Amino acid sequence: MNKTYLKLTLDLDFILIAITAPLKDYILCHKINTRLNTQFAKVEDHEIFFNIDEPAWFFSKYYFFVEQGEVEYYLISNKSSDGVLVPEMSNVDFFIIIKQFIDKEDLNYLINGLNKLPDIQVAAKIDPAKLKSKENLVI
């Protein structure tokens, strides 16, 4: 009998920024919107199934779209009442996922702006391919 193997590859074509900030999601979102002139708005929670036999876990998610360049930004909480989205980065409170191309100047402006917010302890770019739980970040 011939065996057929299915090989799945994840679309990790996005930029990932990890944020450590001891704030509620809506407060952080408001501060980012005010400081960086963005327009993050609450959307349906990010839903993850860790086990088939258990109910889904939900993580708060905010969305911002820039028409020029069609860049999508997602702000996702790493922690919920159910657990942690990316367990190997349990010290991180939030992630910003940027889909589509963003130039280095805009990325540096975003990271520097985040780091200048007094309530953010650190914001840094992370390589999603190096994470064990990278599939949890696919939107």
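Residue indices begin at 1 and follow the sequence shown. All of these numbers come straight from a predicted model, not from anything done at the bench.
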(message) So for atom CD, which belongs to Glu70, do other residues, nucleotides or ligands contribute more than 12 heavy atoms lying within a distance under 6.0 Å?
(response)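 12 or below, so no.
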Residue pairs involving residues 15-35 (criterion salt bridge (charged side-chain N to carboxylate O under 4.0 Å, His left out); sequence neighbours excluded) =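 Qualifying pairs, neighbours excluded: Lys31-Asp119.
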Closest approach of [X] and [Y], non-hydrogen atoms and distance?
X     : Y     : answer
Ala21 : Leu28 : CB-CD1, 4.5 Å
Lys61 : Glu44 : CE-O, 3.0 Å
Pro87 : Leu85 : CD-O, 3.4 Å
Glu54 : Phe49 : O-CD2, 4.1 Å

Exercise for the section: Fit a plane to each ring of Trp57 and Phe59, take the angle between them on a 0 to 90° scale, and name the class: parallel (under 30°), tilted (30 to 60°) or perpendicular (over 60°). Expected result: tilted
**Mutual orientation of the aromatic rings belonging to Tyr73 and Phe40 [parallel < 30°, tilted 30-60°, perpendicular > 60°]** = perpendicular
Please report the interatomic distance [atom1]([X]) to [atom2]([Y]), rounded to the nearest 0.5 Å.
X      : Y      : atom1 : atom2 : answer
Glu47  : Phe58  : CD    : CZ    : 4.0 Å
Phe14  : Ile98  : CZ    : CD1   : 11.0 Å
Thr20  : Leu114 : OG1   : CG    : 11.5 Å
Asn115 : Ile19  : CG    : CD1   : 9.0 Å
Asn108 : Ile102 : CG    : CD1   : 9.5 Å
Lys99  : Phe65  : NZ    : CZ    : 12.5 Å

Does the side chain of [X] reach to within under 4.5 Å of the side chain of [Y], using non-hydrogen atoms?
X      : Y     : result
Val92  : Val84 : no
Ile96  : Leu75 : yes
Ile126 : Met89 : yes
Tyr26  : Tyr62 : yes

Residues passing the side-chain contact (heavy atoms from CB on, under 4.5 Å) test with Glu88, sequence neighbours excluded, are Val86, Leu131, Lys132, Ser133
Sequence neighbours excluded, the answer for side-chain contact (heavy atoms from CB on, under 4.5 Å) partners of Asp103 is Phe101, Glu105, Asp106
ILVMFWY cluster, [X] and [Y] together (side-chain gap under 4.5 Å):
X      : Y      : answer
Val122 : Leu110 : no
Phe94  : Ile27  : yes
Tyr109 : Ile111 : yes

**Request:** Mark yes or no for whether His46, through its side chain, and Ser77, through its backbone, hold a donor-acceptor pair below 3.5 Å.
**Result:**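 Answer holds: no.
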Quiz question: by atom type and distance under 3.5 Å, do the side chains of Asn33 and Thr38 form a donor-acceptor pair?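 Judged by distance alone, the side chains do pair up.
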